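Remember, it's a predicted structure, so these values are computed and weren't measured experimentally. Lettering follows sequence order; numbering is per chain, from 1.
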Number of protein chains: 2
Amino acid sequence: MKHAKGILQRILQVIESAPLRMTRKRERLLAALVALDRPVSAAALRDKADLPASDLVTVYRTLETFEGIGIIQRIPLEDSGSLYELTEPNDHHHHFVCRECHRTERLDLCLGQELEKQAHTLGFTQVAHLMEVYGLCEDCQVAS
Amino acid sequence: MKHAKGILQRILQVIESAPLRMTRKRERLLAALVALDRPVSAAALRDKADLPASDLVTVYRTLETFEGIGIIQRIPLEDSGSLYELTEPNDHHHHFVCRECHRTERLDLCLGQELEKQAHTLGFTQVAHLMEVYGLCEDCQVAS
DNA sequence: AGCTTAATGAAAGCTACTTTCATAAAGAAT
DNA sequence: ATTCTTTATGAAAGTAGCTTTCATTAAGCT
């Protein structure tokens, strides 16, 4: 994992300054996210955190909470479902996603500024945008 | 509606040259799409085409078929669900979408070329991308 | 240790499709 | 026009991916 220690510290700071309780489940989910160090589905995260099947609801709630304080980013898949990624606060970016194995690569290219400007010209407020790139990674090309 | 006649002709050409049967349902759905002249949900399309509730499955199948021949583009919503838009063949573009009323505006700004290039550098093939901008349109700001 | 408020677990519910399979209707062949 | 083949449709059930409800538990402040 790349900068686990730094990230963790910054994330713990964010969590401490939020009106949040650090429960066992949340600790385990956070640890699993750090250990994985890549975007995962809710179910995969639950498995990595070694929680029982029934805890999927807690996983979703925790992801929602973490997204609320800005340390989780949701990555929509092409058809349905999402991946969730631990990010440093305010680290907006997009992804290349393999539609087979869900391997992701970071994409540092974004039209955010331009989009917001045009959106405001059209009278839109509270603007957000989605941008993800889907394809088949090398491994999955071979496999198929 | 903007160029209904021109669009319709080009679309009918595409349909004729595809191995497709022009059934009553498809005719009505196509007519509804032309009349609406904007992206709609599957349910809204069914209502506009004046089909019974049970025909939603036919709507989805027709949309899938039409998407296959390139005359329908799917616009994913921010959280879940999709809008479907009649387009001229090969008219790739993105949208501003009001997250309240689903009003959409066309967005002629796309990083497609650059994205594909980077994707191929990373070893990805069969690349596609999603980019939509969400916000509140003027009407919906007032309402809330 | 007690107290308040937030988090969890179990269960059911929900949205937006998708699949299955028997029936109907295009449209080509005769 | 009728038959035949193939595709489209309808009804019903199924599915994925969450979300809600509500009773119980446990943070963590006092």
Going by heavy atoms closer than 4.0 Å, what residues in residues 42-51 of chain A are next to DNA chain D?
none

It should be established whether [X] places a side-chain nitrogen or oxygen under 4.0 Å from OP1 or OP2 of nucleotide [N].
X	N	result
B/Ser80	D/dG17	no
A/Thr58	C/dT8	no
A/Tyr84	D/dC18	yes

Integer-rounded Å distance: [N] [atom2] and [X] [atom1]:
X	N	atom1	atom2	result
A/Ile15	C/dA7	CD1	P	12 Å
B/Leu56	D/dA11	CG	P	13 Å
A/Asp79	D/dT15	CG	C1'	14 Å
B/Asp55	C/dA24	CG	C1'	13 Å
A/Phe66	C/dA6	CZ	P	17 Å
A/Glu27	C/dA6	CD	P	19 Å
B/Glu64	D/dT9	CD	C1'	14 Å
A/Arg24	C/dA6	CZ	C1'	16 Å

Give me the atom names and distance for the closest heavy-atom approach of B/Pro89 to B/Val14.
CG-CG2, 3.5 Å

Apply the test side-chain hydrogen bond (donor to acceptor under 3.5 Å, both in side chains) to residues A/Thr87 and A/Gln73: give CA-CA distance (whole Å), side-chain angles for both, the deciding distance (0.1 Å), then the verdict.
CA-CA 7 Å; A/Thr87 62; A/Gln73 205 180 312; 4.5 Å; no

Which residue, B/Glu85, B/Arg103, B/Glu105, forms the side-chain hydrogen bond (donor to acceptor under 3.5 Å, both in side chains) with B/His95?
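Of the listed options, the one satisfying the test is B/Glu85.
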
Identified side-chain hydrogen bond (donor to acceptor under 3.5 Å, both in side chains) partner of B/Asp55 from the options B/Lys25, B/Arg61, B/Arg28, B/Arg46:
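Exactly one option meets the side-chain hydrogen bond (donor to acceptor under 3.5 Å, both in side chains) with B/Asp55, and it is B/Lys25.
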
Please answer: with hydrophobic residues joined when any side-chain heavy atoms are less than 4.5 Å apart, are A/Phe66 and A/Ile11 in the same cluster?
yes

Spell out, yes or no, whether B/Leu51 and B/Val57 are grouped together once hydrophobic residues are joined by side-chain heavy atoms under 4.5 Å, including indirect joins.
no

Check every strand shown and say whether A/Ser82 touches a base, only sugar-phosphate, or nothing at a heavy-atom separation below 4.0 Å.
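It contacts sugar-phosphate atoms only.
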
Taking any heavy-atom pair under 4.0 Å as a contact, classify B/Ser41: base, sugar-phosphate, or nothing.
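Here B/Ser41 touches no strand at all.
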
Can you tell me how far apart [atom1] ([X]) and [atom2] ([Y]) are? Round to the nearest 0.5 Å.
X	Y	atom1	atom2	value
B/Leu86	B/Leu30	CG	CG	6.5 Å
A/Leu109	A/His94	CG	NE2	8.5 Å
B/Thr62	B/Leu29	OG1	CG	5.0 Å

What nitrogen or oxygen pairs link the protein and nucleotides 27-30 of chain C at under 3.5 Å?
residue, atom, partner, partner atom, Å
C/dG27, OP1, B/Met22, N, 2.9

Using side-chain hydrogen bond (donor to acceptor under 3.5 Å, both in side chains) as the criterion, list what pairs up with A/Asp91, not counting sequence neighbours.
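Applying side-chain hydrogen bond (donor to acceptor under 3.5 Å, both in side chains) to A/Asp91 gives A/Arg106.
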
Whether B/Tyr84 and B/Tyr60 hold their rings parallel, tilted or perpendicular, with breakpoints at 30° and 60°:
perpendicular

For A/Arg26, check salt bridge (Lys or Arg N to Asp or Glu O under 4.0 Å) against everything at least two apart and list the hits.
none

Note, B/Cys110 side chain near B/His92 side chain (heavy atom, < 4.5 Å):
yes

Intermediate values then yes/no, side-chain contact (heavy atoms from CB on, under 4.5 Å), A/Ile72 and A/Leu33
CA-CA 10 Å; A/Ile72 282 283; A/Leu33 282 165; 3.7 Å; yes

Report the residue (B/Arg26 or B/Ser54) whose heavy-atom-nearest nucleotide on DNA chain D is the more 5′ of the two.
B/Arg26

Which atoms of nucleotides 20-25 of chain D (N or O only) lie under 3.5 Å from a protein N or O atom, and what are those distances?
residue, atom, partner, partner atom, Å
D/dT21, O4, A/Arg61, NH1, 3.4

Look for any protein N or O under 3.5 Å of an N or O in nucleotides 1-3 of chain D and output each such pair with its distance, or none.
none

If you assign each of A/Pro19 and B/Tyr60 to its closest nucleotide in DNA chain C, which residue comes earlier from the 5' end?
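Whichever sits nearer the 5' end wins; that is A/Pro19.
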
NZ/NE/NH1/NH2 to OD/OE distance under 4.0 Å, A/Arg24 and A/Glu27:
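Result for this pair is no, no salt bridge flagged.
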
